[in-house]
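The sequence lines fix the lettering, A, B, ..., with proteins before strands; numbering per chain opens at 1.
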Protein chains: 2
Amino acid sequence: MRDQTIGEFLEQLSARVPAPGGGASAALHAAQGAALVAMVARYTTGERYAGHAAAVERITAAADALRETALRLAAEDAAAFTAVTDAYRLPKDTDEEKAARSAAIAAALQGAARPPAEVVGIAEGVIALAGELLPIGNRNVLSDVAAATEAARAAAGTARVNIEINLGGIKDEAARAGFSATADAVGALMERADRVTDAVRQEIAK
Amino acid sequence: MRDQTIGEFLEQLSARVPAPGGGASAALHAAQGAALVAMVARYTTGERYAGHAAAVERITAAADALRETALRLAAEDAAAFTAVTDAYRLPKDTDEEKAARSAAIAAALQGAARPPAEVVGIAEGVIALAGELLPIGNRNVLSDVAAATEAARAAAGTARVNIEINLGGIKDEAARAGFSATADAVGALMERADRVTDAVRQEIAK
């Protein structure tokens, strides 16, 4: 995804092809949020912000790392999705084949739930960093703090649906419970994002 | 933006440069939502969906057009933002210069509110199309309907903050009232997006 032009990516996203789909879109939202957090941090340097220099440096590095991970997850999501499609295409003529196919599908669905679950983690990281920047960030780019949380919120919301669509087919109980817990935590994460956005809007309205 | 690679765009978004910023990010969210709606529509063709062929064809064309407009708005947002920066740099040594600068800033801020206001319109269009696809779209890509509404929701939420940040400086009362009304309508639009996402999640959970 990284080396594709935005026009090409969107063209493929709109096409009747299995990937990219919602998973790649979620990862891109997360990467946008991480980039916006890093931008606000980069505008929060110099003498005026000297007291926060260490925190700002840490936030910048963390946001840059989250962006890289998000881009990697977009690729992993596409690969995991292809594995699901491949598993469904396995032969199912004999009982043995049916059992092997069924196990392969369950394993592939479990693999497909991992990238969106990690995207939720990225979104959580972006929202946490945005919350840290809220009181200390350069006021001239305050609206970009909200832009970051809105992007991260969309990443988490999209990833949640992509986890949930795979849940039913996962046979490993512990894995299913783990993914289910990640999906269930998204609601609270969204509320946390909303609180950051609301705080930005309140400060703008002053 | 269209011809930039995703990696380059995100790198610039994270950099200490005036544009791209939240405005371009909002436009990209909107384009992602439009592309996902078009993708679901393109999977909703053939004999099985023959009864909905006309609606699906219309939705596909409308979503493709919304995607194009969103990409155009990203460029317009950057240009409008540059105009604001330029206006602030005008000389302010004499009273005449001060008045001219002040008028130029107000005009530039009004110009800067237009692209995000149009992004809200794109988001509304995407959410409406997603709502239309919800009952008729191919069930295999149902999660992408929610992915589309989450993307559109982020577009609207980000655009709202970008409208609001410009509102205070707009001197034309009618223009300010119009932009204010657009921003105020975003809350209801978000709820509409949430209803589509909730409906998708409920059907997945069945």
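- A heavy-atom distance below 4.5 Å is not found between the side chains of Asp198(A) and Arg195(A).
- Scanning residues 170-190 of chain A against chain B with a 4.5 Å heavy-atom cutoff picks out Met190(A), ordered by number.
- Per-residue heavy-atom pair counts under 4.5 Å with chain B were compared for Asp144(A), Val141(A), Val17(A), and the maximum is reached by Val17(A).
- The stretch residues 101-112 of chain B places none of its residues near chain A, where near means some heavy atom under 4.5 Å from a heavy atom of that chain.
- Using a 4.5 Å cut-off between heavy atoms, Ala15(A) touches chain B through its backbone atoms (N, CA, C, O) alone.
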**Request:** Would you sort out whether Thr85(B) and Phe81(B) count as a side-chain contact (heavy atoms from CB on, under 4.5 Å), showing the intermediate values?
**Result:** CA-CA 7 Å; Thr85(B) 314; Phe81(B) 195 88; 4.0 Å; yes
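- Both the backbone and the side chain of Ala31(B) come within contact range of chain A, judged by heavy atoms closer than 4.5 Å.
- Atoms NZ and CG, on Lys98(B) and Leu90(B) in that order, are 14.0 Å from each other to the nearest 0.5 Å.
- The neighbour count for Arg139(B) CZ, taken as heavy atoms of other residues, nucleotides or ligands under 6.0 Å away, is above 12.
- Proximity to chain A (any heavy atom under 4.5 Å) is restricted, for Asn162(B), to the side chain, taken from C-beta onward.
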**Request:** Might you work through the side-chain contact (heavy atoms from CB on, under 4.5 Å) test for Glu124(A) and Arg192(A), ending with a clear yes or no?
**Result:** CA-CA 9 Å; Glu124(A) 187 174 8; Arg192(A) 201 169 149 196; 4.0 Å; yes
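- With respect to chain B, the highest number of heavy-atom pairs below 4.5 Å among Arg2(A), Gln32(A), Glu8(A) belongs to Gln32(A).
- With chain A as partner, the option from Ala152(B), Ser143(B), Ala205(B) having the largest number of non-hydrogen pairs under 4.5 angstrom is Ser143(B).
- Considering every non-hydrogen atom in both Ala113(A) and Ile163(A), the closest pair reads O-CG1, 4.1 Å.
- Checked by atom type, the side-chain pair Thr149(A)/Thr197(A) shows a donor-acceptor distance below 3.5 Å.
- In this structure, the portions of Val161(B) lying under 4.5 Å from any heavy atom of chain A include both its backbone and its side chain.
- Both the backbone and the side chain of Pro18(A) come within less than 4.5 Å of a heavy atom in chain B.
- When the candidates Asn140(B), Leu167(B), Leu28(B), Leu71(B) are compared by the number of heavy-atom contacts under 4.5 Å with chain A, Leu28(B) comes out ahead.
- Using a 4.5 Å heavy-atom cut-off against chain B, no residue of residues 126-136 of chain A qualifies as contacting.
- Heavy-atom pairs under 4.5 Å with chain B were tallied for Gln4(A), Arg67(A), Glu11(A); the largest tally goes to Arg67(A).
- When each of Val200(B), Leu13(B), Asp3(B) is scored by its heavy-atom pairs under 4.5 Å with chain A, the top score falls to Leu13(B).
- Residues of residues 35-61 of chain A lying under 4.5 angstrom from chain B, judged on non-hydrogen atoms, are Ala35(A), Leu36(A), Ala38(A), Met39(A), Arg42(A), Tyr43(A), Thr44(A), Thr45(A) in numerical order.
- Between Glu191(A) atom CD and Arg153(A) atom CZ the span is 9.0 Å, to the nearest 0.5 Å.
- Neither the backbone nor the side chain of Gln12(B) comes within contact range of chain A, judged by heavy atoms closer than 4.5 Å.
- A distance of 7.0 Å separates CZ of Arg114(A) from CG of Leu73(A), quoted to the nearest 0.5 Å.
- Proximity of Phe9(A) to Thr5(A): side-chain heavy atoms (C-beta onward) are nowhere separated by under 4.5 Å.
- Contact count versus chain A (heavy atoms, under 4.5 Å) is highest, among Gly23(B), Ser25(B), Ala24(B), for Ser25(B).
- Interface summary for chain A: among Ala155(B), Ala148(B), Gly168(B), Gly21(B), the most heavy-atom pairs under 4.5 angstrom belong to Gly21(B).
- Within the 4.5 angstrom heavy-atom criterion, only side-chain atoms of Ile204(A), from C-beta onward, approach chain B.
- Both the backbone and the side chain of Leu10(B) come within contact range of chain A, judged by heavy atoms closer than 4.5 Å.
- A salt bridge does not link Glu150(A) to Arg160(B): none of the charged nitrogens lies less than 4.0 Å from a carboxylate oxygen.
- Between Glu68(A) and Arg72(A) no salt bridge is recorded (no basic side-chain N to carboxylate O distance below 4.0 Å).
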